[in-house]
Amino acid sequence: MLRMSRRVAGFGTTVFVEINNLARECDAVNLGQGAPDFDGPPEVLQAAVQAVNRALNQYAPGIGMPAVREAIAQHAARFYGQKLDPETDVLVTSGATEGVFAAILGLTDPGDEVIVFEPVYDTYVPNMVMAGVMPRYVPLRGAHWTFDPEELAKAFNRRTRAIIVNTPHNPTGKVYSRQELAVIAELCRKHDALAITDEVYEHILYDDAIHTRLATLPGMAERTLTISSLGKTFSVTGWKVGWALGPASLVNAVNQAHQFITYAVASPLQAAAATALNLPSSFFENLQVNYQARRDRMVKILEHVGFQVFKPSGSYFVMIDWRGVAPAKVQDDFQFARWLTSEIGVACIPASPFYQESDKHLGKHCARFAVCKKHETLDAAAERLSRLAKR
Ligand SMILES: Cc1ncc(COP(=O)(O)O)c(C=O)c1O
C-alpha cells in the first residue's frame, strides 16, 4: 500500500490552506495570508517581461546570475555597510523559504539542535524535522514579545549548531533591538554556534524602528548567514526569488544543498531582481510611508472593535488578543478565526500553529491580521469589523 514517509506524516495541512478555502467559501475579506493584493513596481514587472522577451529563458548559473549577485551585494552595502564578494558570499535561492531549508541541510547534521524563538514562522521546524535536527524553543512573551536572556542561555548546549532569528518577526511584528541581538551574538560566540537570520521584512518598518542585521554585530560576520528575498519588499511574493549572504565557507555549504534542491532560480525573475534591488532610495522610503499608513489604519480599526492590539514595529502583520470581543461560544484561536471568517466576513490566521504542541496555549488567545492590502480592502474589512463594535 502506498503511504507517506514517516518524515512528513506528522505535518498535516498548513493553516493557510484551511483559512484561504474558508475565506473563499464565505466571500470574506482575506487578511490571512501575507501576500499583497496589489502589484509590485511597474519597472520591476517590466524588467521580468523584457527578460522573457530577450530570451533569458534558460538555466541561470546555480549560484545566481552575476548581475543579480552584484545587486544583492550592493544592496547589503547600501543599507547595512556590509562588504560582500558577489562571487563567493552571495547565493540566489528560490525564495527565503528554500534559503532557510538549504541552510539547515548545508550547515547542520542529524542530531544537532537549532534554537528558534516562539511563536515561530511555520517552515523552520518542518525543515529541521526533514533534516533530522532537533528544534529548541525559546518563547517570546508579554506585550513586546521579549525573551528572557537566562532562558535563552539555557537553551544553548554542546549540541547547539545554530539559532534562527527572524527580524522583523512573523507573526508578531517584533523588530529585535540591537541589545537583544547583542545577547544572541554573545551566546553564539560563546558556544561557537551559527546564526541564520530571516530578514524578509527588512524594509517594512514602522514608527522609528531600525532594522539591525545580526551579521553586522562584532564577531558575527563570520558566523551569520543572512537570508532575505524579493517577495515582501517588492510585492511579488509569487516570484520566489531570495538570497543567502555570508562568509564564503557558509554560503558554499548552503550551495551544496541548494544545487540538488532547485539547482537554479527562474532566470527572468532573477534578472528583474537586479532592477528591483537597484531602485532609488525614494522607493524604499515610499514603501515605509505606505505601510505605515496601512498599519496605523489597521491598528485603529482593531482597537476600535475592542481587541487588545500588539502594535507591530515591522512586518506585514498585526497580532491581537481576541478575548472580550468574541462571543462566549468561541473558545480558542481556531474557533475565533473560523467565526470571524464565516460570520463577520474577515479572515485572519490563528496564532497557535506558530507554537509547538506543548506551548499551543500561549497562542490560543491570539490571531494575526495582514496589512499588506489595498486601502479598498482595508475599508471593506473595517466596515465588516465595525459591526462587532456595535454589539
Ligand atoms: C518570516 C518569513 N520568512 C520567509 C517567508 C517566505 O519568503 P519567500 O517567499 O521569499 O520564500 C515568509 C513569508 O510569509 C515569512 O513570513
Side-chain angles (χ1 to χ4, degrees), residues 14-17 19-20 30-37 40 44 48 64 68 72 75 90-105 114 116-128 135 140 145 163-176 195-205 211 213-214 225-245 254 257-258 261-262 265-266 269-270 272-273 276-277 291 295 312-319 347-351 353-355 368-373:
T14 78
V15 62
F16 300 103
V17 174
I19 296 294
N20 282 342
N30 195 347
L31 304 184
Q33 200 161 22
D37 63 353
V44 175
V68 183
I72 293 167
H75 171 271
V90 179
L91 172 70
V92 180
T93 59
S94 181
T97 310
E98 192 232 344
V100 173
F101 189 35
I104 290 170
L105 288 173
V114 172
V116 289
F117 291 100
E118 214 179 21
V120 57
Y121 178 61
D122 68 336
T123 64
Y124 307 156
V125 173
N127 285 174
M128 289 181 212
L140 299 171
W145 306 99
I163 181 167
I164 301 183
V165 183
N166 166 217
T167 183
H169 184 251
N170 175 7
T172 66
K174 172 188 177 67
V175 174
Y176 284 70
I196 299 168
T197 67
D198 176 343
E199 305 183 17
V200 298
Y201 299 105
E202 62 187 297
H203 290 293
I204 317 281
L205 299 166
H211 172 65
R213 216 161 235 197
L214 185 55
L225 186 83
T226 304
I227 293 170
S228 192
S229 72
L230 214 59
K232 309 292 182 179
T233 303
F234 300 98
S235 314
V236 287
T237 58
W239 284 16
K240 303 297 290 184
V241 178
W243 48 87
L245 313 172
V254 180
H258 161 79
I261 305 175
T262 52
V265 174
L269 303 182
Q270 274 198 62
L277 289 164
Y291 267 98
R295 189 222 51 179
S313 302
S315 88
Y316 274 2
F317 307 109
V318 182
M319 277 275 254
C348 62
I349 297 291
F354 297 91
Y355 290 86
R368 190 197 80 176
F369 289 83
V371 306
C372 49
K373 306 293 170 187

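Each ligand, and each atom within it, is numbered from 1 in the order the structure gives. Just so it is clear, the values below take in all heavy atoms, side chains as well, and ignore hydrogens, waters and symmetry mates. One is the number of the first residue; the rest follow in order along the sequence.
Between N170 and ligand 1, an N or O atom pair is found at a separation short of 3.5 Å. For the pair V241 and ligand 1, the shortest N or O to N or O distance does not fall below 3.5 Å.
The side chain of K232, and not its backbone, has at least one atom closer than 4.0 Å to an atom of ligand 1 (non-hydrogen atoms only; side chain from C-beta on). Heavy atoms of S229 found under 4.0 angstrom from ligand 1 belong exclusively to the side chain. Residue contacts with ligand 1, taken as heavy atom pairs separated by less than 4.0 Å, involve K240 solely via side-chain atoms from C-beta onward.
Between the side chains of K174 and S313, no donor N or O sits under 3.5 Å from an acceptor N or O. Side-chain polar atoms of S228 and E202 form a donor-acceptor pair below 3.5 angstrom.
Atom 11 (O) of ligand 1 has as its closest protein heavy atom T97 OG1, 2.5 Å. Closest to atom 3 (N) of ligand 1 among all protein heavy atoms lies D198 OD2, 2.5 Å.
For ligand 1 and N166, the ligand atoms under 4.0 Å from any heavy atom of the residue are 1 (C).
In terms of heavy-atom proximity, Y121 sits nearest to D198 at CD2-OD2, 4.4 Å.
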Please report the C-alpha distance between I164 and I104 in whole Å, then the side-chain angles of each, then the deciding distance to 0.1 Å, and finally whether the side chain to side chain contact (heavy atoms under 4.5 Å, CB included) criterion is met. CA-CA 10 Å; I164 301 183; I104 290 170; 4.1 Å; yes
For the pair F369 and F317, evaluate ring-ring contact (aromatic ring centres under 6.0 Å, His included) and give the outcome as yes or no after the intermediate values. CA-CA 6 Å; F369 289 83; F317 307 109; over 10 Å; no
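The side chain to side chain contact (heavy atoms under 4.5 Å, CB included) test with L230 is passed by exactly one of V68, V241, T237: V241.
Between Y124 and F101, the distance separating the two ring centers is not shorter than 6.0 angstrom.
The closest non-hydrogen atom to atom 5 (C) of ligand 1, taken over Y121, W239, Y201, comes from Y121.
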